[in-house]
Amino acid sequence: MSASVIDGRAVAAALRADLAGEVVAFTQRHGRPPGLATVLVGEDPGSMVYVAMKHRESEAVGIRSYDHRLAADASRAQIVELIERLNGDPLVSGVLIQLPLPAHLDGVELTGLVDPAKDVDGLTTLSAGLLALGRPGLRPCTPGGVMLLLDSAGVELEGAEAVVVGRSNLFGKPMAQLLLAANATVTTCHSRTRDLPVVCARADVLIAAVGRPRMVGADWVKPGAVVIDVGVNRLDGGLVGDVDFDAVSERASAITPVPGGVGPMTIACLLRNTVLAARAAAEGTPI
Ligand code: NAP
């Protein structure tokens with residue numbers, strides 16, 4: 001079998017085109033565009049690249065972006081003051097604290113100070129709780145993007161056996177919750193899971209988010225499974241995922257590439273959350 005490749009760039013481009021239309025309409029109705037504020041502390045090169053991409057893609061769909069930067073030795077009080085100011089700013093629809101923060105700061109605690117109505121990363125305790133309770137709310141961007149990819153590929157989740165490898169707060173846990181909400185039967189694996197290849201080989205939908213290059217080989221994959229590769233690993237030859245793409249493509253029915261699969265969806269979903277938050281705040285529309 002040769003798997004069809006799920007094209008994250010195309011799905012993300014279609015989502016951005018829809019959002020650009022929604023932003024025009026929102027701007028006409030309210031005399032201002034949705035606004036996304038980012039907070040970057042320090043000069044981590046990877047974080048600087050991600051923040052620049054978030055601003056570029058925001059502006060491309062018409063969202064106004066506000067770029068707040070603080071020195072690597074910024075105090076907790078300085079960051080709290082900035083978050084509170086952004087929480088109270090009516091031009092700011094969404095607030096994103098770029099993680100990881102420098103070691104002297106608590107990223108979970110500071111992210112939790114973002115007004116839940118502006119939590120476009122979906123990482124506050126309230127957003128996580130709403131997801132766990134199956135209530136509407138802003139969802140974390142990468143798992144939200146995976147759900148859109150599965151939908152675009154016509155994957156039937158109801159009753160499907162889904163296995164998520166990785167249990168981070170950023171990805172694995174919310175991913176499992178979203179799959180459960182879609183009526184999949186979900187198993188979450190991690191570094192202490194016994195017989196990981198055997199558990200993975202049960203999956204109709206296998207999602208790998210570990211950060212180990214090409215860990216998932218063909219013998220971990222049930223013939224005909226859908227395989228979503230969230231991993232991003234930088235090797236000398238370039239970016240590779242957590243899945244051995246060439247080998248697994250021979251066994252799966254559909255697979256995401258790295259790059260060009262899940263990655264493009266993350267920022268597109270951030271923009272979507274910003275539009276959802278702007279509309280909810282200005283018009284009372286449900287999220
Ligand atoms: P993380 O916080 O480091 O979590 C990694 C998870 O993998 C943990 O739950 C860990 O288990 C588990 N794990 C580690 N070694 C394992 C092993 N040998 N077998 C089974 N499980 C193992 O990472 P993350 O933030 O979730 O990200 C995971 C990957 O996705 C990274 O490559 C990251 O770059 C990528 N990512 C990509 C995007 C995107 O937009 N494309 C977004 C987010 C993340 P324990 O909990 O037991 O330690």
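Counting starts at 1 for both ligands and their atoms, in listed order. Everything quoted here is computed from the prediction, not taken from an experiment.
- Across P100, G261, G211, heavy-atom proximity to atom 29 (C) of ligand 1 is greatest for G211.
- Side chains of R76 and L105 form a contact here, defined as non-hydrogen atoms less than 4.5 Å apart.
- Between the side chains of S65 and E59, a donor-acceptor pair is found at a separation under 3.5 Å.
- With respect to atom 42 (C) of ligand 1, the closest heavy atom belonging to the protein is T142 OG1, 3.3 Å.
- Using a 4.0 Å cut-off between charged side-chain N and carboxylate O, E22 and R272 make no salt bridge.
- Salt-bridge check for D204 with K222: passed, with a basic side-chain N closer than 4.0 Å to an acidic carboxylate O.
- Salt-bridge check for R69 with E43: failed, with every basic side-chain N at 4.0 Å or more from each acidic carboxylate O.
- In the model, D119 has a side-chain atom that pairs as donor or acceptor with a side-chain atom of T124 under 3.5 Å.
- Residue S191 holds the heavy atom nearest to atom 12 (C) of ligand 1 of all those in G231, S191, G46, G241.
- Close approach to L170 involves these atoms of ligand 1, each under 4.0 Å from a residue heavy atom: 25 (O).
- Contact annotation for M265 and ligand 1: no heavy atom of the residue comes within less than 4.0 Å of the ligand.
- Using modelled atom types and a 3.5 Å distance limit, the side chains of T266 and T142 yield a donor-acceptor pair.
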(message) side-chain contact (heavy atoms from CB on, under 4.5 Å) for L40 and L70? Distances and angles first, verdict last.
(response) CA-CA 6 Å; L40 175 62; L70 293 149; over 6 Å; no
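- Taking a 6.0 Å sphere around OH of Y50, one finds it holds 12 or fewer heavy atoms contributed by other residues, nucleotides or ligands.
- The part of L196 lying near ligand 1 is the side chain, judged by heavy-atom distances below 4.0 Å.
- The ligand atoms of ligand 1 that sit less than 4.0 angstrom from a heavy atom of G166 are 6 (C), 7 (O), 9 (O).
- The contact set between ligand 1 and T266, taken as ligand atoms under 4.0 Å from a residue heavy atom, comprises 39 (C), 40 (O).
- Taking a 4.0 Å cut-off on heavy atoms, G263 registers as neighbouring ligand 1.
- For atom 8 (C) of ligand 1, the closest non-hydrogen atom on the protein side is R167 N, 4.0 Å.
- Here the shortest heavy-atom distance to atom 14 (C) of ligand 1, taken over V210, V232, V164, belongs to V210.
- Counting protein heavy atoms only, atom 27 (O) of ligand 1 is closest to A209 O, 4.5 Å.
- Protein heavy atom at the shortest distance from atom 21 (N) of ligand 1 is H190 C, 3.2 Å.
- For R212, the CZ atom counts as loosely surrounded, since its 6.0 Å shell holds 12 or fewer non-hydrogen atoms of other residues, nucleotides or ligands.
- Ligand-side atoms of ligand 1 in range of R212: 15 (N), 18 (N), range being under 4.0 angstrom from any heavy atom.
- Distances below 4.0 Å separate heavy atoms of V230 from the following atoms of ligand 1: 30 (O), 35 (C), 36 (N), 37 (C), 41 (N).
- Looking at T38 and H68, their side chains never bring a donor and an acceptor atom within 3.5 Å of each other.
- The protein non-hydrogen atom at the shortest distance from atom 26 (O) of ligand 1 is S168 OG, 2.5 Å.
- The closest approach between any non-hydrogen atom of C189 and ligand 1 is not below 4.0 Å.
- For R192, no nitrogen or oxygen atom sits less than 3.5 Å from a nitrogen or oxygen atom of ligand 1, counting backbone and side chain alike.
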